[in-house]
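In this text the structure is predicted, and so the values were computed from the model without any measurement.
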Amino acid sequence: MASMDLGLTGRRCLVTGASRGIGLATAALLYAEGARVLMVARDEGALVHAQQHCERASPGSVGSVDYLAMDITDPDGAERAVCCCEEQLGGLEVLVNNAGTSFACSLEELTDADWQGQWELHVMAPMRLMRAAVPPMARAGYGRIVNVSSSSGKRPSMTNIAYSVTKSAQLALSRAYADALAGQGILVNAVAPGPVATELWTANGGLADQVARARGISRAEALAAQQEKVPLGRFAEPEEIAAVVLFLCSAAASTVTGAAWSADGGTVPVII
């Protein structure tokens, strides 16, 4: 059986939150498909390792992978990132808004600063990037935007309501931009993962440890309790989410726009 041609060879791609987790897995898959990838994250050292990981994983790739160390929540961050793509890659055709984070915090303990921080990262930064990406995508005649949201955006989680609310807003933002840009041939979609085996959950001091402390249970019990919420009975691997993102970036997804694809192991019990 012939393999599917995803039409990503030579495509110019920007991936945020690309130094680890889903972002790194997505950048690696795009690079393996022959795309030209600019990875964006705050930690330059982590980006160097991420670049090396991509190159080691696909030594025969005809693509390229480079990085830009910056904070995407800076008011001028989106313009800087897109300008870097145009200067280094000659344009921009694919945008993956993956940067995001969460922490365990009760509704009563969330501060105004917590709410604002989540809003800037999950709503304003992706909005600015989408806004900045439209002109080069329109010039290229090809546009794919994928916003990595969360199952918490479909069904709020009490682990961090600010995260859930801003991820819900990100889904609404994705749909609004999908409607606005469809006439220009720019397709906008979201992916809604459930719990994923990344450092957000598994690192020392990560969500597993935070939830364990808040509930007075062990780390292992916190992880087990989270897995029990997933019908598949396990965390997703970053590469599993990245595979969904990759498809939505591709020529094969030519009729998909305005969707919020659940990739949550069945966590949210709805059919949409």
Side chains of Gln118 and Thr101 in contact at under 4.5 Å (non-hydrogen atoms) | yes
Give the minimum heavy-atom separation between His122 and Ala99, together with the two atoms involved.
-> CD2-O, 4.1 Å
Quick one: does Asn189's side chain have a donor or acceptor within less than 3.5 Å of a partner on Ala259's backbone?
-> yes
Applied to residues 183-214, the ring-ring contact (aromatic ring centres under 6.0 Å, His included) test, sequence neighbours excluded, yields Trp201-Phe235
Just do the side chain to side chain contact (heavy atoms under 4.5 Å, CB included) check on Asp264 and Lys154 with the steps written out, would you?
-> CA-CA 11 Å; Asp264 61 5; Lys154 293 189 174 187; 5.9 Å; no
Matching residue for Val37 among Leu29, Val96, Leu14, Leu30 - test: side-chain contact (heavy atoms from CB on, under 4.5 Å) | Leu30
Are Leu68 and Val65 linked, directly or through other ILVMFWY residues, by side chains that come within less than 4.5 angstrom of each other?
-> no
Residue pairs passing the ring-ring contact (aromatic ring centres under 6.0 Å, His included) test with at least one member in residues 65-110, sequence neighbours excluded, are none
At what distance, to the nearest 0.5 angstrom, does CD1 of Ile145 lie from CG of Leu173?
-> 9.5 Å
Please round to the nearest 0.5 Å and tell me the distance separating atom CD of Glu55 and atom OG of Ser64.
-> 9.5 Å
So do Arg20 and His53 actually touch side chain to side chain, heavy atoms under 4.5 Å?
-> no
Please report the closest heavy-atom contact between Pro126 and Gln170, naming both atoms and the distance.
-> CG-NE2, 3.6 Å
Going by heavy atoms in the side chains, are Val94 and Tyr142 under 4.5 Å from each other?
-> yes
Results of ring pair (Phe, Tyr, Trp, His ring centres under 6.0 Å) for Tyr31 - residues two or more places apart only | none
With Ser152, which residues qualify under side chain to side chain contact (heavy atoms under 4.5 Å, CB included), at least two apart?
-> Ser150, Ser157, Tyr163, Ser164
Is Leu248 close to Val191 at the side-chain level, that is, under 4.5 Å between some pair of heavy atoms?
-> yes
Donor-acceptor contact present, side-chain Arg12 to main-chain Gly90, <3.5 Å | yes
Using the test salt bridge (Lys or Arg N to Asp or Glu O under 4.0 Å), find all partners of Glu239 that sit at least two apart in sequence or belong to another chain.
-> none
Crowding at CD, Gln52 (>12 non-hydrogen neighbours, <6.0 Å) | yes
Reported OG-to-CG distance for the pair Ser149 and Asn97, which is rounded to 0.5 angstrom | 11.0 Å
Shared hydrophobic cluster for Leu95 and Val245 (ILVMFWY, side-chain gaps under 4.5 Å) | no
Got Ile72 and Met124 here, is their nearest side-chain heavy-atom distance under 4.5 Å?
-> no
For residues 177-185, which side-chain N or O atoms pair as donor and acceptor with protein atoms under 3.5 Å away, sequence neighbours left out?
{"from": "Asp179", "atom 1": "OD1", "to": "Arg175", "atom 2": "NE", "distance (Å)": "3.1"}
{"from": "Asp179", "atom 1": "OD1", "to": "Arg175", "atom 2": "NH2", "distance (Å)": "2.7"}

Linking I/L/V/M/F/W/Y whenever any side-chain heavy atoms sit under 4.5 Å apart, do Ile22 and Leu121 land together?
-> no
Closest approach of Ala18 and Met39, non-hydrogen atoms and distance?
-> CB-CB, 3.4 Å
Where at least one partner belongs to residues 72-100, residue pairs that pass ring-ring contact (aromatic ring centres under 6.0 Å, His included), sequence neighbours excluded = none
Using modelled atom types only, decide if a donor and an acceptor are shared between the side chain of Gln210 and the backbone of Gly205 within a distance under 3.5 Å.
-> yes
Rounded to the nearest 0.5 Å, what separation is found between the CG atom of Leu89 and the CZ atom of Arg11?
-> 13.5 Å
Note: Ile241 and Ala263 closest approach over all heavy atoms is CD1-O, 3.4 Å
Ignoring hydrogens and angles, write down the donor-acceptor pairs under 3.5 Å from the side chains of residues 73-84, residues two or more places apart or on other chains.
{"from": "Thr73", "atom 1": "OG1", "to": "Asp71", "atom 2": "OD1", "distance (Å)": "2.7"}
{"from": "Thr73", "atom 1": "OG1", "to": "Asp71", "atom 2": "OD2", "distance (Å)": "3.3"}

Leu129 and Thr16: side chain to side chain contact (heavy atoms under 4.5 Å, CB included), yes or no, with the steps?
-> CA-CA 10 Å; Leu129 277 161; Thr16 71; 3.7 Å; yes
So do Arg155 and Thr267 actually touch side chain to side chain, heavy atoms under 4.5 Å?
-> yes
Cluster overlap Met70 with Met127, hydrophobic side-chain contacts below 4.5 Å | yes
Set of side-chain hydrogen bond (donor to acceptor under 3.5 Å, both in side chains) partners for Arg42, sequence neighbours left out | none
Give, for atom CZ of Arg36 and atom CG of Leu92, the distance between the pair rounded to the nearest 0.5 Å.
-> 11.5 Å
Pair Asp43-Ser19, side chain to side chain donor-acceptor pair (under 3.5 Å): steps then yes or no = CA-CA 8 Å; Asp43 186 337; Ser19 62; over 6 Å; no
Val188 side chain near Asn147 side chain, heavy-atom distance below 4.5 Å = yes
Do the side chain of Lys167 and the main chain of Pro156 share a donor and acceptor less than 3.5 angstrom apart?
-> no
Any chain of hydrophobic side-chain contacts (each under 4.5 Å) joining Val15 to Val196?
-> yes
Please lay out, stage by stage, how Met137 and Met130 fare under the test side chain to side chain contact (heavy atoms under 4.5 Å, CB included).
-> CA-CA 10 Å; Met137 288 182 177; Met130 288 192 286; over 6 Å; no
Dump the intermediate steps for side chain to side chain contact (heavy atoms under 4.5 Å, CB included) on Ile161 and Trp115, then the final yes or no.
-> CA-CA 9 Å; Ile161 288 296; Trp115 281 95; 3.8 Å; yes
Can you name the side chain to side chain contact (heavy atoms under 4.5 Å, CB included) partners of Glu33, sequence neighbours left out?
-> Leu6, Leu8, Leu246
Please identify each residue that fulfils side chain to side chain contact (heavy atoms under 4.5 Å, CB included) with Arg215, with sequence neighbours left out.
-> Thr159, Val211, Ile217, Lys229
Please list, chain by chain and in numerical order, all residues satisfying side chain to side chain contact (heavy atoms under 4.5 Å, CB included) with Ser254, sequence neighbours excluded.
-> Arg144
Determine the minimum heavy-atom distance between Leu110 and Ala162, stating which atoms define it.
-> CD1-N, 3.7 Å
Minimum heavy-atom distance between Ala251 and Gly7, given as atom pair plus value = CB-CA, 4.2 Å
Give, for atom CD of Gln88 and atom CG of Leu38, the distance between the pair rounded to the nearest 0.5 Å.
-> 6.0 Å
